[in-house]
A.B. asks: 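If you scroll down you'll find the structure; I have some questions about it.
Basis for what follows: all heavy atoms, side chains included, without hydrogens, waters or symmetry-related copies. Lettering follows sequence order; numbering is per chain, from 1.
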Amino acid sequence: MPELPEVETTRRGVEPHCLGRTVKQLQVRDPRLRWPVPDTLAPALAGLVITAVERRGKYLLFRTEKGSLLVHLGMSGSLRVVAAGAEPGRHDHIDLLLDSGLSLRYHDPRRFGCFLWQAPGEVHPLLAHLGPEPLSEAFDGELLYRFSRGRRSPVKNFIMDGTVVVGVGNIYANEALFLSGIHPGRAAGRVSPARYLRLADCIKRVLTSAIEQGGTTLRDFVGGDGKPGYFAQQLYVYGRAGQPCKACGTPLRERRLGQRSSVYCVTCQR
DNA sequence: CGCTGACCCTGACGGC
DNA sequence: TGCCGTCAGGGTCAGC
């Protein structure tokens, strides 16, 4: 269920359970993820103290002094805090057992996620070419404008390109384009500087408010059902094809761009 | 270098 | 009821 707000919500949820804790064991019940979980990962992690839980784009980094555990939740992954020894269910592929008696349980039906090792002082190849964080000052409309020159593919594909900016998934790309009044199919190189300023602003706004909503489910990381909070969010276009635009009433259209569904209002977005 | 499509998987859902 | 095609919020990679 992870877009950036869900990953950040996960990070905030698991962080207090991890900081200062020693890894007792990494139990890998099924190593067949996007890339196979390396045999060397469990031995490498055993006995290490987690010093920080960070996020880079949609990747989570569990830092220790000897290296970091790199986790991605893919499309269907989740991390929950459970009591050690709790019976694993279907698709509960990995447990990270901590010395507190709790463990982080990784659940991922589609197995598009990953558990990898990052050596100390190194940046994993998967992270090496990532663009700026959308909520950082390094990301703004000026950057979008500069990087988009000469690009003929749709602006929606452009803002979902992780080398441009990380963490803008399909839901929030659709929402941000609606809020900024830009048609998702417009060529990235044909969007004006002023509109890119607006778009960058909308991306920040929509992600920030989604993270705030995700925060309401933090307590559910121990026990509870762990439903992601963003369903509660007011979505303007995502999942609303055929329904009236909330701004003008025009029925929303749907179209596939880069193999992903795009929903937009032909009146409000140009 | 930019862009397109294939691919990695399971599960839910709609139509017949 | 069951079978089949389609789609799903991720991202990488080969090939043009």
Side-chain angles (χ1 to χ4, degrees), chain A residues 1-11 29-37 55-60 70-79 89-94 106-116 124-131 134 144 146-178 184-191 203 206-207 209-211 213-214 217 226-242 254-263:
Chain A
M1 340 294 184
E3 289 229 21
L4 184 141
E6 289 69 48
V7 179
E8 177 60 20
T9 299
T10 298
R11 191 196 68 74
R29 281 178 291 271
D30 189 345
R32 298 173 302 162
L33 303 187
R34 176 71 168 84
W35 294 279
V37 179
R55 179 185 58 74
R56 178 75 176 98
K58 292 173 189 165
Y59 290 90
L60 289 169
L70 182 63
V71 174
H72 197 290
L73 304 177
M75 271 174 102
S76 57
S78 63
L79 274 181
R90 189 159 153 77
H91 305 307
D92 287 341
H93 306 311
I94 299 175
Y106 179 71
H107 175 90
D108 186 3
R110 290 175 74 180
R111 291 189 276 114
F112 281 9
C114 66
F115 266 61
L116 296 169
H124 196 280
L126 291 170
L127 307 182
H129 305 291
L130 294 182
L144 284 180
R146 192 156 30 90
F147 280 27
S148 65
R149 291 310 87 189
R151 296 254 199 150
R152 295 164 60 176
S153 56
V155 61
K156 175 158 175 280
N157 300 14
F158 174 67
I159 60 171
M160 291 179 70
D161 179 345
T163 65
V164 174
V165 57
V166 296
V168 182
N170 197 36
I171 294 176
Y172 299 114
N174 277 305
E175 294 299 308
L177 285 164
F178 173 80
R186 175 174 285 272
R190 305 197 60 187
V191 174
I203 288 171
V206 81
L207 292 176
S209 94
I211 289 171
Q213 303 214 22
T217 62
K227 284 221 177 74
Y230 72 81
F231 283 117
Q233 201 203 2
Q234 281 286 77
L235 297 174
Y236 284 94
V237 288
Y238 182 80
R240 298 194 63 245
E254 181 166 22
R255 186 172 137 192
R256 295 189 76 74
L257 293 172
Q259 285 103 265
R260 291 231 146 84
S261 85
S262 310
V263 188

A.B. asks: Between A:Tyr236 and A:Phe178, what is the ring plane arrangement, given parallel below 30°, perpendicular above 60°, and tilted in between?
C.D. replies: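 Rings of A:Tyr236 and A:Phe178: parallel, under 30°.
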A.B. asks: Would one find a side-chain N or O of A:His91 under 4.0 angstrom from OP1 or OP2 of B:dC9?
C.D. replies: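 For A:His91, the contact criterion (side-chain N or O under 4.0 Å from OP1 or OP2 of B:dC9) is not met.
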A.B. asks: Which nucleotide, in any strand shown, forms a Watson-Crick or G-U wobble pair with B:dC9, with both distances under 3.5 Å?
C.D. replies: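 Partner of B:dC9: none.
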A.B. asks: Is the count of non-hydrogen atoms from other residues, nucleotides or ligands lying under 6.0 Å from A:Arg190 atom CZ greater than 12?
C.D. replies: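 Not buried by this count: 12 neighbours or fewer within 6.0 Å.
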A.B. asks: Between B:dG11, B:dC3, C:dG10, which nucleotide gets closest to the side-chain atoms of A:Pro109?
C.D. replies: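 Closest nucleotide to the A:Pro109 side chain: B:dG11.
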A.B. asks: Can you tell me if CZ on A:Arg152 sees more than 12 non-hydrogen neighbours from other groups inside 6.0 Å?
C.D. replies: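 It does not: A:Arg152 CZ has 12 such atoms or fewer within range.
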A.B. asks: Which nucleotide in the set C:dG11, B:dT4, C:dA8 lies at the smallest distance from any side-chain heavy atom of A:His72?
C.D. replies: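 When the side chain of A:His72 is considered, C:dG11 is the closest of C:dG11, B:dT4, C:dA8.
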A.B. asks: Identify which nucleotide among C:dA8, C:dG10, B:dT10 has an atom closest to any side-chain atom of A:Arg34, counting heavy atoms from C-beta outward.
C.D. replies: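 Among the listed nucleotides, the one closest to the side chain of A:Arg34 is C:dG10.
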A.B. asks: So does A:Ser76 get a side-chain nitrogen or oxygen closer than 4.0 Å to the phosphate oxygens (OP1/OP2) of B:dT10?
C.D. replies: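 The answer is no; no side-chain N or O of A:Ser76 sits under 4.0 Å from OP1 or OP2.
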A.B. asks: Heavy atoms under 4.0 Å, any strand shown: does A:Tyr59 hit a base, just sugar-phosphate, or nothing?
C.D. replies: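 Sugar-phosphate contact only.
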A.B. asks: From CE of A:Met160 over to C1' of B:dG5, roughly how many Å is that when rounded to an integer?
C.D. replies: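 After rounding, the gap between these two atoms is 15 Å.
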A.B. asks: Got a donor-acceptor pair under 3.5 Å from the side chain of A:Arg110 to the base of B:dC9?
C.D. replies: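 Donor-acceptor pair under 3.5 Å: yes.
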A.B. asks: Please report the distance separating the P of B:dC9 from the corresponding atom of C:dC3, rounded so that it comes out in whole Å.
C.D. replies: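 It works out to 24 Å between them.
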